[in-house]
Participant: 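Below is the structure I would like to discuss, written out as structure tokens.
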Number of protein chains: 2
Amino acid sequence: MEEIDRRIVTLLARDGRMSFTDLARETGLSVSAVHQRVRRLEKRGVLRGYAAIIDHDAIGLPLTAFVSIKPIDPAAPDDAPERLAHLAAIEACHSVAGEESYILKVRVASPVALEDLLQQIRAAANVSTRTTVVLSTPYEHRAPDVAPEPASAQDGSV
Amino acid sequence: MEEIDRRIVTLLARDGRMSFTDLARETGLSVSAVHQRVRRLEKRGVLRGYAAIIDHDAIGLPLTAFVSIKPIDPAAPDDAPERLAHLAAIEACHSVAGEESYILKVRVASPVALEDLLQQIRAAANVSTRTTVVLSTPYEHRAPDVAPEPASAQDGSV
DNA sequence: CGTGAAATCACTTAACT
DNA sequence: AGTTAAGTGATTTCACG
């Protein structure tokens, strides 16, 4: 991926609703050239989608936590992500190296809701849990520095 | 926050570039009524912004990790977030309950880049670090279920 | 891959319930 | 807060270099 695509990705990471007109101005290309590149980046999966950044306090989910999980039966097939996918409180699921097998990021309304969620997680995936409660979030969702890296496409499209 | 605002927030959390026209269709309101509500939600800070969701593999940052940090000198003032803010590899910084004081989410190009980043973190914030490397991410950035919660605004605006 | 132009559609404001 | 209407500006497609 070269210079202009990187610039487009950076700009959209910082403002997902930036217009093609503004992207064109910032990149020095014509509007339709930018349009073409954005569609290509979307199709290649470099731009995976767009999301509003929400204030979770304002929508009644003020409690964030990281939940590390470990299988009760280490011999059982590890399908925890699928078993947990129906729980809307789980925002993210990362498979990790170390003591535990996954780290979940969860958002709930209250301590009681967290307690309830943990029970659901343990029951659904047959795991033990270790929970780290977030007290405050100095920053989050910072856009990456898109550097001039290899970035070979996995899907063969170009 | 009532029904329609919650619906708007939900829709924009799932597709941050959804047009006002589509939002109007989905909510049963006129385009300008939706427009008005979105602007109000932005000003109240419920909608904090918009971002493209990026494939970090494609932009040369394929290594994600969680870095927990603990002050070397527990008596020193705790300004780790500001001291670390200049490091672009840090996507998020959460203050947490438990053994450590913060959990950072970081994105880097390689194991060596991670090693280098950890040294920078330790030096900049005078902390020890404990790192959990992400092996894969079954899911991330899932939009919340915006439920009918209190959601009292903190800024007094209505 | 790029451009410019044309048609369509979305955004934004205003005047008015 | 909502509506419709009207003007402006953005998106999208197309023909072409």
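The chains referred to below are lettered A, B, ... by the order of the sequence lines, with proteins before strands, and numbering in each begins at 1. Values in this document were obtained by computation on a predicted structure and should not be read as measured data.
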Participant: If the cut-off is 4.0 Å, is R39(A) near the phosphate of dT11(D), judged by side-chain N/O to OP1 or OP2?
Facilitator: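 No, outside the criterion.
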Participant: To the side chain of S30(A), which of dT12(C), dG4(C), dA1(D) is closest?
Facilitator: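 That would be dG4(C).
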Participant: Would the distance check show the side chain of Y102(A) and the main-chain N or O of T137(B) forming a donor-acceptor pair, the cut-off being under 3.5 Å?
Facilitator: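 No, because the side chain of Y102(A) does not come within donor-acceptor range (under 3.5 Å) of the backbone of T137(B).
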Participant: Has Y50(A) got a side-chain atom pairing as donor or acceptor with M18(B)'s backbone, closer than 3.5 angstrom?
Facilitator: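 It does not hold such a pair.
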Participant: Among dC11(C), dT3(D), dT3(C), which is the nearest nucleotide to the side chain of S32(B)?
Facilitator: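 Nearest nucleotide to the side chain: dT3(D).
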Participant: When the distance from CD of E3(B) to P of dA1(D) is rounded to whole Å, what number comes out?
Facilitator: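 Whole-Å distance recorded here is 16 Å.
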Participant: Could you please spell out the steps behind the side chain to side chain contact (heavy atoms under 4.5 Å, CB included) verdict for E100(B) and I69(B)?
Facilitator: CA-CA 6 Å; E100(B) 283 115 352; I69(B) 68 177; over 6 Å; no
Participant: Using heavy atoms to find the nearest nucleotide of DNA chain C for A33(A) and R17(A) separately, return the residue whose nucleotide is more 5′.
Facilitator: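 Comparing both residues, the 5'-ward one is A33(A).
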Participant: Could you tell me the separation between the CG atom of D22(A) and the C1' atom of dA10(D), rounded to a whole number of Å?
Facilitator: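 Atom-to-atom, D22(A) to dA10(D), this comes out as 10 Å.
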Participant: Measure from CZ on F20(A) to P on dC9(C) and round the result to the nearest Å.
Facilitator: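 Rounded to whole Å, this separation is 16 Å.
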Participant: Round to a whole Å and report the spacing from CE of M18(B) to P of dC9(C).
Facilitator: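 Spelled out: CE on M18(B) to P on dC9(C) is 18 Å.
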Participant: What integer distance in Å separates L29(A):CG from dG4(C):C1'?
Facilitator: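 The answer, rounded to whole Å, is 14 Å.
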Participant: Quickly work out the Q36(B) CD to dA14(C) C1' distance and round it to whole Å.
Facilitator: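 The distance from CD of Q36(B) to C1' of dA14(C) comes to 12 Å, rounded to the nearest Å.
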Participant: Counting side-chain heavy atoms from CB outward, which of dA10(D), dT13(D), dT13(C) is closest to S19(A)?
Facilitator: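 Between dA10(D), dT13(D), dT13(C), the one nearest the side chain of S19(A) would be dA10(D).
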Participant: Check E3(A) with R37(A), please: is the shortest side-chain N to carboxylate O separation under 4.0 Å?
Facilitator: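 Looking at R37(A) and E3(A), the cut-off is not met.
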Participant: Between dT12(C), dA10(D), dA1(D), spot the one nearest the side chain of T21(A), thanks.
Facilitator: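 Of all the options, the side chain of T21(A) is nearest to dA10(D).
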Participant: Would you kindly give the NE2-to-P distance between H35(B) and dG2(D), to the nearest whole Å?
Facilitator: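 The answer, rounded to whole Å, is 14 Å.
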Participant: Can you tell me if E99(A) has over 12 outside heavy atoms packed within less than 6.0 Å of its CD?
Facilitator: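 Counting neighbours around CD of E99(A), 12 or fewer heavy atoms of other residues, nucleotides or ligands fall under 6.0 Å, so no.
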Participant: Between dC11(C), dA5(D), dC1(C), which nucleotide has the shortest distance from any of its atoms to the side chain of R37(A)?
Facilitator: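 Nearest nucleotide to the side chain: dC1(C).
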Participant: Please state how far atom NZ in K43(A) lies from atom C1' in dT12(D), giving the value in whole angstrom units.
Facilitator: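 Distance, rounded to whole Å: 15 Å.
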Participant: Hey, does the side chain of R40(B) come within less than 4.0 Å of dA1(D)'s phosphate (OP1/OP2), counting only N and O?
Facilitator: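 For dA1(D), OP1 or OP2 has a side-chain N or O of R40(B) closer than 4.0 Å.
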